[in-house]
Chemist: 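Okay, here's the structure, questions in a sec.
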Amino acid sequence: MSTNILAKIAGKEITEADFEVFLKGVPREQQAYISNPEFRKQCLEQLISLHLFAKLGEELKLEETQEFKKVIENAKTDILAQLAMKEILGGITVTEEELTAFYEMNKQEFKKGATINAKHILTDSEEKCNDILAAIGKGEKTFEDAAKEFSTCPSGAKGGDLGTFGKGQMVKEFEEAAFAAEIGQVTGPVKTQFGYHLIKVEKKNEETIATFEEVRETIRRNLLQQKQNAVYTAKVSELRGKYVEE
C-alpha cells in the first residue's frame, strides 16, 4: 500500500494507506461516492479531525480516566471474540461433493415456475380495444404496429413486448387470461385496474428445475452457514462448560 504522506498531526504521519483503511469504514450507502474527489476530500478532513481530537484527549489525560479504561476493555473483548470466531469458523468449507449431493437430493426445492413471453395493447375503453382487435383481425394492422400506435403502456414503443414473466408478476385478470391464451392468438379485451388489454402470447415455457450451476452458489452459502452454525453452537456449549461459573 502507498506510504504517501497526506498530513502530519503532532509528528504523527497520516499516509495514503491509513486513509484507504479509513475509507473502508465509510457507511455502505456512501461507498458509491468514494471515487469522487470532493467526497474523498471531506473524508480526509474527517480523518484529520479524528486525530486532532485524539491528540486533545491525550493532552487532557483522558487515558487515565475510568471511562477510557472501560471503553478499552470492552473493545478488547469485542476484538478478541471476533478474532476467536474467525479462527474457529474460518477454515470451514463446503466440498464439491457436498454441493452436488445436496442438489441431487433436493431438486424439487429448485423448481422454476412456468413462464410466458407475451405482448399487449392497453387502452382506456373496451370500445377502442374492440376496434383495434377488428383492425388486426382484418389484417389492416399487425399487433406490433397497433401497439406502437394505440397502446397507452410504455411497452407500446416495443410493439407491446412485456418480455418473460411468471405467475404472480401481473395483476390477476391479466395473468389468468395470458396463461390461458393460445400461442399466436390475440385474446381480449381483458379488463384490469389499468384499463382494457389485448394480449398476444408468443411463447410458453413449462415449469423446469434450475440447473446445478444456477443454484450452486446459493447451495454453497446455505450449507456453509449450516456448518458454521453447528460449529458455533457446539463451541459455545463447550466454552460455557469450561468458563461459566455457577
Side-chain angles (χ1 to χ4, degrees), residues 1 20-36 39 43 77-120 153-155 157-181 183 192-194 197 199-241:
M1 297 183 74
E20 291 300 326
V21 171
F22 179 78
L23 287 175
K24 289 180 180 178
V26 168
R28 183 176 297 178
E29 62 272 18
Q30 296 179 359
Q31 289 288 331
Y33 303 106
I34 283 180
S35 60
N36 181 283
F39 182 74
C43 288
T77 299
D78 287 343
I79 294 168
L80 282 174
Q82 289 175 28
L83 291 175
M85 283 191 281
K86 183 179 179 181
E87 188 76 16
I88 295 299
L89 304 177
I92 299 174
T93 60
V94 179
T95 67
E96 197 66 24
E97 289 74 20
E98 289 172 320
L99 292 174
T100 53
F102 184 89
Y103 175 75
E104 292 299 331
M105 292 177 64
N106 299 276
K107 277 188 177 180
Q108 295 306 306
E109 291 185 19
F110 305 111
K111 278 184 178 179
K112 296 166 67 177
T115 60
I116 60 175
N117 295 70
K119 298 175 180 177
H120 85 138
C153 176
S155 65
K158 300 183 293 182
D161 191 7
L162 294 171
T164 302
F165 58 89
K167 291 185 177 179
Q169 293 181 260
M170 301 292 182
V171 292
K172 183 173 180 291
E173 301 87 349
F174 187 95
E175 176 187 292
E176 289 178 349
F179 274 88
I183 295 174
T192 73
Q193 66 195 69
F194 302 108
H197 307 255
I199 304 169
K200 181 182 177 185
V201 175
E202 301 281 293
K203 183 181 178 183
K204 292 190 175 185
N205 311 292
E206 298 299 323
E207 179 180 85
T208 60
I209 292 176
T211 66
F212 174 68
E213 285 305 319
E214 287 178 306
V215 296
R216 184 182 183 282
E217 185 55 27
T218 299
I219 295 173
R220 190 195 68 78
R221 285 197 303 267
N222 290 341
L223 290 183
L224 182 61
Q225 186 173 40
Q226 289 176 25
K227 282 187 170 188
Q228 289 177 335
N229 288 345
V231 171
Y232 176 85
T233 301
K235 181 56 69 174
V236 168
S237 179
E238 176 192 330
L239 295 174
R240 288 181 68 88

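Position 1 is the first residue of the sequence; numbering continues from there.
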Chemist: Quick one: does Asn106's side chain have a donor or acceptor within less than 3.5 Å of a partner on Glu109's backbone?
Modeler: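 Looks like no, no N/O pair under 3.5 Å.
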Chemist: Can you name the closest pair of heavy atoms from Leu23 and Ile34 and give their distance?
Modeler: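 That closest heavy-atom pairing would be O-CD1, 3.7 Å.
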Chemist: Calculate, to the nearest 0.5 Å, the distance between atoms CG and CZ belonging to Asn222 and Phe102 respectively.
Modeler: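 Answer for the CG-CZ pair, Asn222 versus Phe102, is 6.5 Å.
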Chemist: Fit a plane to each ring of Phe179 and Phe165, take the angle between them on a 0 to 90° scale, and name the class: parallel (under 30°), tilted (30 to 60°) or perpendicular (over 60°).
Modeler: perpendicular
Chemist: Does Lys167 reach the main-chain N or O of Ala114 with its side chain, forming a donor-acceptor pair under 3.5 Å?
Modeler: no
Chemist: Mark yes or no for whether Gln30, through its side chain, and Pro27, through its backbone, hold a donor-acceptor pair below 3.5 Å.
Modeler: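 Checking the backbone N and O of Pro27 against the side chain of Gln30, no donor-acceptor pair under 3.5 Å is found.
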Chemist: How far does CG of Leu162 sit from CD of Gln169, to the nearest 0.5 angstrom?
Modeler: 11.0 Å
Chemist: Might you confirm whether atom CD of Glu29 has over 12 heavy atoms from other residues, nucleotides or ligands at distances under 6.0 Å?
Modeler: yes
Chemist: To the closest 0.5 Å, what do you measure between CD (Glu87) and CE (Met85)?
Modeler: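 CE of Met85 is found 12.5 Å from CD of Glu87.
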Chemist: What closest approach, in Å, do Lys235 and Ile88 show between heavy atoms, and which atom pair accounts for it?
Modeler: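 Of all heavy-atom pairs spanning Lys235 and Ile88, the closest is CE-CD1, 3.9 Å.
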Chemist: Determine whether Gln108 and Ile209 make a side-chain contact, defined as any pair of heavy atoms from C-beta on separated by less than 4.5 Å.
Modeler: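 Yes. Closest side-chain heavy atoms under 4.5 Å.
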Chemist: May I ask you to test the Gln31-Val26 pair for a side-chain heavy-atom distance under 4.5 Å?
Modeler: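 Gln31 vs Val26: side chains touch.
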Chemist: To the nearest 0.5 Å, tell me how far Glu202 CD sits from Asp161 CG.
Modeler: 7.5 Å
Chemist: Please list, chain by chain and in numerical order, all residues satisfying salt bridge (Lys or Arg N to Asp or Glu O under 4.0 Å) with Lys158, sequence neighbours excluded.
Modeler: none
Chemist: If you look at every heavy atom in Ile92 and Leu224, which pair is closest and at what distance?
Modeler: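 Heavy-atom minimum between the residues: O-CD1, 3.5 Å.
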Chemist: Just how far is it from atom CZ of Phe22 to atom CD of Glu20, taken to the nearest 0.5 Å?
Modeler: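 With rounding to 0.5 Å, CZ (Phe22) is 11.5 Å from CD (Glu20).
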Chemist: So do Phe110 and Ile219 actually touch side chain to side chain, heavy atoms under 4.5 Å?
Modeler: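 Yes, side chains in contact.
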Chemist: Could you check whether the rings of His197 and His120 sit parallel, tilted or perpendicular, using 30° and 60° as the cut-offs?
Modeler: parallel
Chemist: Between OG1 of Thr100 and CZ of Arg216, what distance do you get to the nearest 0.5 Å?
Modeler: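 Thr100 OG1 to Arg216 CZ: 9.5 Å, rounded to 0.5 Å.
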Chemist: Name all residues meeting the salt bridge (Lys or Arg N to Asp or Glu O under 4.0 Å) criterion together with Glu206; count only those two or more places apart in sequence or in a different chain, and write none if there are none.
Modeler: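 Once residues adjacent in sequence are excluded, Glu206 has no partner under the salt bridge (Lys or Arg N to Asp or Glu O under 4.0 Å) criterion.
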Chemist: State, yes or no, whether a side-chain contact exists between Asn229 and Gln225 at a heavy-atom distance under 4.5 Å.
Modeler: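 Yes. Closest side-chain heavy atoms under 4.5 Å.
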Chemist: Less than 4.0 Å between a side-chain N and a carboxylate O, is that true for Glu175 and Lys172?
Modeler: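 Judged by the 4.0 Å cut-off on N to carboxylate O distance, Lys172 and Glu175 do not form a salt bridge.
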Chemist: Just checking, any donor-acceptor pair under 3.5 angstrom between side chains of Thr164 and Asn117?
Modeler: yes
Chemist: Among residues at least two apart in sequence or on other chains, which ones pass salt bridge (Lys or Arg N to Asp or Glu O under 4.0 Å) with Glu97?
Modeler: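 Glu97: no salt bridge (Lys or Arg N to Asp or Glu O under 4.0 Å) contacts found.
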